[in-house]
There are 2 protein chains.
Amino acid sequence: MSKLCVMADRSTIDVESRARARTRRAILDAAITVLSQHSTASLGDVADAAGVGRTTLHRYFPERADLLTALSTDVLARIDSAAERAQPDRGPAPDALERMCQEFFELGDILMCVFSQPELVNTTAWEECSEADKALIRLVERGHAEGTLDPALDPIWVQQVLWSTLYAAWQHTREHGVSKHRALDLCLRSLRKVVAAVPG
Amino acid sequence: MSKLCVMADRSTIDVESRARARTRRAILDAAITVLSQHSTASLGDVADAAGVGRTTLHRYFPERADLLTALSTDVLARIDSAAERAQPDRGPAPDALERMCQEFFELGDILMCVFSQPELVNTTAWEECSEADKALIRLVERGHAEGTLDPALDPIWVQQVLWSTLYAAWQHTREHGVSKHRALDLCLRSLRKVVAAVPG
DNA sequence: CTCTAGTGGAGCATGACTGTTCCATTAGAG
DNA sequence: CTCTAATGGAACAGTCATGCTCCACTAGAG
């Protein structure tokens with residue numbers, strides 16, 4: 001690789017990275033947008049959406065699988081950072097869960113990608129072991145201990161419900177023209193009621 | 001059509017229908033099974049799963065779109081009949097909703113088909129106007145009037161939550177090896193809590 | 001049994017997407 | 001300005017699902 005020689009110069013790296021990183025980002029963003037709506041979209045569609053030529057896309061991701069792998073990593077990272085922003089270990093469990101739901105909701109298309117591309121989830125490192133997953137499980141167990149979350153709902157089911165309710169919320173905006181604010185409101189309200197510990 | 005001539009004879013019709021209906025059913029069932037798991041499966045895959053040749057499949061459904069249309073009609077009919085079995089207009093709204101959820105849950109792969117094939121929903125006659133939809137909306141409005149369902153949740157949102165929770169339940173069994181009984185239990189419990197009218 | 005509807009396999013043409021190469025052009029660092 | 005990395009377009013071969021035709025075979029009605 002002649003590139004390694006050039007990379008001896010620091011400033012050259014940065015500049016190179018800057019341009020390449022920008023293009024790479026554009027392609028990944030376009031992939032998220034396009035694939036979240038039509039999971040079988042062609043690479044040409046992604047390239048168009050990214051505003052780059054198909055040739056360029058192939059330079060960054062030689063095969064479709066390479067793009068999906070990168071997408072998977074990217075999505076996972078974004079979900080994890082969203083989970084981290086929610087500070088899942090702070091305050092009462094129901095509040096923390098609500099913060100987490102809010103942060104996930106903000107992910108938008110990234111969220112929908114996870115649903116429309118199941119094969120994207122079943123690969124790579126996030127075999128139910130991502131940081132976000134772990135944080136959520138910790139959170140639910142804490143809620144059980146606190147007595148603030150329904151003990152009849154195990155962590156994994158809470159996780160399922162969280163994600164499916166988020167899906168419902170986004171579908172609600174997409175198909176019924178409901179505002180994002182209203183959808184999030186319904187989503188949070190519903191989730192709170194589901195996980196709440198029964199008074200009796 | 002020479003077939004019209006033959007159809008003058010009643011018994012001939014029945015016999016013809018019997019064989020053809022059986023094959024048609026097998027293809028549709030296979031399509032439900034296959035497409036619910038891999039939405040982009042080829043027609044060859046469907047034919048294999050149905051135990052028929054690809055040629056035969058093409059005889060019944062000349063184009064892929066024809067199969068999907070028939071599938072859409074079939075799925076809609078099954079959902080409607082499930083909704084009817086649930087007797088949505090009988091008894092307290094929360095109970096009726098639970099019956100509806102149970103009946104839908106039993107649909108199994110048919111259910112998952114609706115999620116993995118969004119284009120299947122957006123076509124044909126069920127433009128949010130299927131009998132099942134109408135029954136559900138009636139049910140929720142009745143619950144609002146009764147004071148047994150949360151008035152803050154409009155019918156369409158309840159519908160979204162119902163379906164997404166069913167999805168969550170089936171995913172729960174598929175990915176985490178949870179028994180159908182346990183999944184349904186969690187599903188019903190969660191749904192009840194969501195839609196319950198707040199005491200205050 | 002006979003005869004036909006129903007079926008399945010082989011084969012073919014088509015179109016779409018993919019992965020690749022080559023070349024001309026452009027943006028940007030120095 | 002100069003020069004290189006980066007890009008975009010055109011073209012090509014390979015693969016796969018599709019839609020279709022033809023023909024041989026079989027089950028089942030009569």
Side-chain angles (χ1 to χ4, degrees), chain A residues 1-31 34-35 37-71 117 119, chain B residues 1-31 34-35 37-71 117 119:
Chain A
M1 302 291 182
S2 64
K3 203 164 289 181
L4 285 179
C5 306
V6 181
M7 284 171 114
D9 180 7
R10 256 308 181 83
S11 65
T12 309
I13 298 179
D14 293 353
V15 172
E16 250 190 276
S17 296
R18 226 173 280 159
R20 288 191 65 85
R22 196 156 20 98
T23 303
R24 187 185 153 88
R25 194 74 290 221
I27 292 174
L28 284 175
D29 287 342
V34 172
L35 294 179
Q37 278 161 358
H38 183 44
S39 59
T40 60
S42 72
L43 297 183
D45 292 336
V46 175
D48 287 348
V52 303
R54 198 166 65 90
T55 311
T56 300
L57 190 149
H58 273 289
R59 252 180 225 115
Y60 284 80
F61 308 101
E63 300 191 4
R64 176 180 254 269
D66 297 324
L67 175 59
L68 292 182
T69 301
L71 196 62
Q117 309 271 331
E119 67 279 14
Chain B
M1 304 290 178
S2 63
K3 204 165 288 182
L4 285 179
C5 307
V6 181
M7 284 170 114
D9 178 8
R10 252 316 176 81
S11 65
T12 308
I13 296 180
D14 291 352
V15 172
E16 252 189 272
S17 296
R18 225 174 281 160
R20 288 191 64 86
R22 197 156 20 99
T23 303
R24 188 186 153 88
R25 196 77 293 248
I27 293 174
L28 284 175
D29 287 342
V34 172
L35 294 179
Q37 277 161 359
H38 183 45
S39 60
T40 61
S42 71
L43 297 184
D45 293 336
V46 175
D48 287 348
V52 304
R54 198 166 66 88
T55 310
T56 300
L57 191 148
H58 272 291
R59 248 178 229 118
Y60 284 80
F61 307 101
E63 299 191 4
R64 177 180 253 269
D66 296 324
L67 175 60
L68 292 182
T69 301
L71 196 62
Q117 308 272 332
E119 67 278 14

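Naming convention: chains lettered A, B, ... in sequence-line order (proteins, then strands); numbering from 1 in each chain. All figures in this text were calculated on a predicted structure; none of them were measured in a lab.
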Looking at Ala26(B) and Ala50(B), what are the two nearest heavy atoms and their distance?
O-CB, 3.7 Å

Annotated protein contacts, base or backbone, on nucleotides 11-18 of chain D with a non-hydrogen cut-off under 4.0 Å, one of B, S, - each:
B-----SB

How many whole angstroms separate atom CG of Asp48(A) from atom P of dC17(C)?
11 Å

For the pair made of CZ in Arg22(B) and C1' in dT7(C), what is the distance, rounded to whole Å?
12 Å

Could you tell me whether the side chain of Arg59(B) reaches within less than 4.5 Å of the side chain of Thr23(B), counting heavy atoms only?
no

N/O donor-acceptor pair under 3.5 Å between Thr69(B) side chain and Ala65(B) backbone
yes

NE2 of His38(A) versus P of dA16(C): gap in Å, rounded?
13 Å

For atom CG of Leu57(A) and atom C1' of dC17(C), their distance in whole Å
13 Å

Establish, with yes or no, whether the OP1 or OP2 oxygen of dG6(C) is under 4.0 angstrom from a side-chain nitrogen or oxygen of Thr56(B).
no

Atom CZ of Arg59(B) and atom C1' of dC20(D) are separated, to the nearest Å, by 11 Å

Partners of Ser42(A) by side-chain hydrogen bond (donor to acceptor under 3.5 Å, both in side chains), sequence neighbours excluded?
Asp45(A)

Separation of atom CZ in Phe61(A) from atom P in dT18(C), rounded to whole Å:
15 Å

Looking at residues at least two apart in the chain, or sitting in another chain, which of them share a side-chain contact (heavy atoms from CB on, under 4.5 Å) with Arg25(A)?
Leu28(A), Asp29(A), Asp74(A), Arg78(A)

dT7(C), OP1 or OP2 - any side-chain N/O from Tyr60(B) closer than 4.0 Å?
yes

If you take atom types as modelled and just measure distance, does the side chain of Arg18(A) reach the base of dG28(C) with a donor-acceptor pair under 3.5 Å?
no

Could you tell me whether the side chain of Val34(A) reaches within less than 4.5 Å of the side chain of Asp48(A), counting heavy atoms only?
no

